[in-house]
Amino acid sequence: MKALMTLLAAFSIATPALADPLGEAIKADMPGLLTIYRDLHAHPELSFEEKRSAAILAAEAKKLGFQVTTGVGKTGVVAVMKNGPGPVLLLRADMDALPLAEQTGLAYASKVKALTREGAETSVMHACGHDTHMTAWIGTARRLAAMKDQWSGTLVMVGQPAEEIGSGARAMLEDGLYTRFPKPQVAIAFHDAAGLPAGVIGYTDGYTLANVDTVDVTVKGLGGHGAYPHLARDPIVLASRIVTALQTLVAREIDPLESGVVTVGSFQGGTKHNIIPDEARLQITVRSYTPEVRKILLDGIARIAQGEAIAAGVPEDRMPVVTVRDGLTPATFNTQPLTGQITAALAARFGEARVKKVKPQMGGEDFSQYRLADTSIQSLLFWVGGVPHGKWEAAGGDITKLPSLHSPFWAPDPDITIATATEAMATAALTVLAKK
Ligand SMILES: [Zn+2]
Ligand SMILES: [Zn+2]
């Protein structure tokens with residue numbers, strides 16, 4: 001609690017006494033940026049449907065003198081500003097929202113409904129805060145356009161679609177992001193955070209978000225009457241054994257100092273009390289950081305499923321079918337020396353207490369794709385806390401008492417979050433593109 005108070009105190013006295021043109025300019029821009037934010041928040045769009053959002057980013061960037069291309073990777077925006085010799089820097093904001101009914105009670109809460117890709121009607125909400133990302137993208141573009149005399153190099157600002165389904169970055173790369181436009185040496189993004197007070201910046205050195213694999217297991221048996229189990233091979237009992245055995249993968253097979261998650265999120269089978277079904281189905285999410293751990297977990301799932309089926313006496317032609325779905329979201333990695341350089345610049349600007357090293361998380365982010373397309377690219381994704389200070393204090397900093405990202409109640413403090421994110425992204429850009 002004391003550390004928490006110190007953190008918030010550090011926040012309130014962080015305004016430097018010296019002239020701070022960047023901070024002053026952002027402050028002056030905030031009313032306009034908040035108008036944009038409330039509009040984006042009230043008009044969320046699902047993955048690959050971000051037409052209105054993309055048009056807002058594109059129009060802003062055009063006004064500022066960027067060369068703007070839309071429709072990259074379906075709905076992506078690329079805004080390029082060439083400003084003399086120097087590195088190419090990619091700054092990314094994702095644009096999509098989630099199929100979820102907002103329950104924040106905000107005056108500008110979303111009432112939008114849309115059709116999912118499966119054709120079902122759903123409410124839509126910016127529950128991951130990508131509206132703060134887009135607004136800070138505009139704020140950052142404005143500052144960097146206004147400060148052209150203070151940097152040198154090429155700025156590639158990307159409005160990315162479909163992060164929530166893990167496909168948008170890949171779609172943009174496949175549509176020529178690195179061939180039709182200047183290819184970056186450095187890629188930077190931020191994500192709003194539901195686990196940090198508004199305005200506090202969090203970062204990791206190395207892995208920051210996980211490999212996300214999605215696995216389906218069809219467990220086959222031999223159906224029959226519930227009263228005569230000896231005449232059947234019960235896939236429900238077999239699938240139950242598989243679920244239990246899977247728990248040993250993380251506990252017994254990976255190095256205790258490594259991280260992994262195997263969560264069976266769905267277990268389905270059968271129709272009625274007294275029928276032994278033919279099959280049961282498991283849906284599993286698998287998280288890891290390193291390729292080695294990922295392989296142990298995925299191989300282990302296949303081996304355990306097969307081994308348990310053999311133990312259950314399932315005929316050879318009825319072995320479980322294990323499918324690792326396409327579309328891995330790879331782990332996001334913050335590289336050195338970039339991470340050290342940027343976080344030092346952020347600490348100098350915001351004060352040490354507002355720039356904290358945090359733990360990596362097991363969530364996924366397709367921002368990783370920008371580096372994996374060419375691992376010589378330096379990359380950094382940092383967090384910008386969004387929890388309103390009053391709520392943070394009321395919860396005593398206990399994040400289990402606060403709404404998480406993807407919660408229908410997630411409502412970041414837009415003013416502090418967007419101002420901090422804009423200042424941080426502009427500072428990062430000015431550091432990378434510093435005049436030599
Ligand atoms: Zn999300
Ligand atoms: Zn997100």
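Each ligand, and each atom within it, is numbered from 1 in the order the structure gives. Side chains are part of it too, since the values below use all heavy atoms of this structure and drop only hydrogens, waters and symmetry mates.
In this structure, a donor-acceptor pair under 3.5 Å is present between the side chains of Thr335 and Gln378.
By the 4.0 Å N-to-carboxylate-O rule, Asp175 lies too far from Lys74 to be salt-bridged with it.
The set of protein atoms (N, O or S) found at less than 2.8 Å from the Zn ion (ligand 1) reads Cys128 SG, Glu164 OE1, Glu164 OE2, His406 NE2, by chain and number.
Ser266 meets the side-chain contact (heavy atoms from CB on, under 4.5 Å) test with Gln268, Gln283; sequence neighbours excluded.
Pairs passing the ring-ring contact (aromatic ring centres under 6.0 Å, His included) check and including a residue from residues 123-170, sequence neighbours excluded, read His130-His133, His130-His191, His133-Phe190, His133-His191. Sorted pairs that involve residues 240-250 and meet side-chain hydrogen bond (donor to acceptor under 3.5 Å, both in side chains), not counting sequence neighbours, are lacking altogether.
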Checklist entry - For Asp96 and Leu46, what are the C-alpha separation, side-chain angles and deciding distance, and is it a side chain to side chain contact (heavy atoms under 4.5 Å, CB included)? => result CA-CA 5 Å; Asp96 54 336; Leu46 291 174; over 6 Å; no
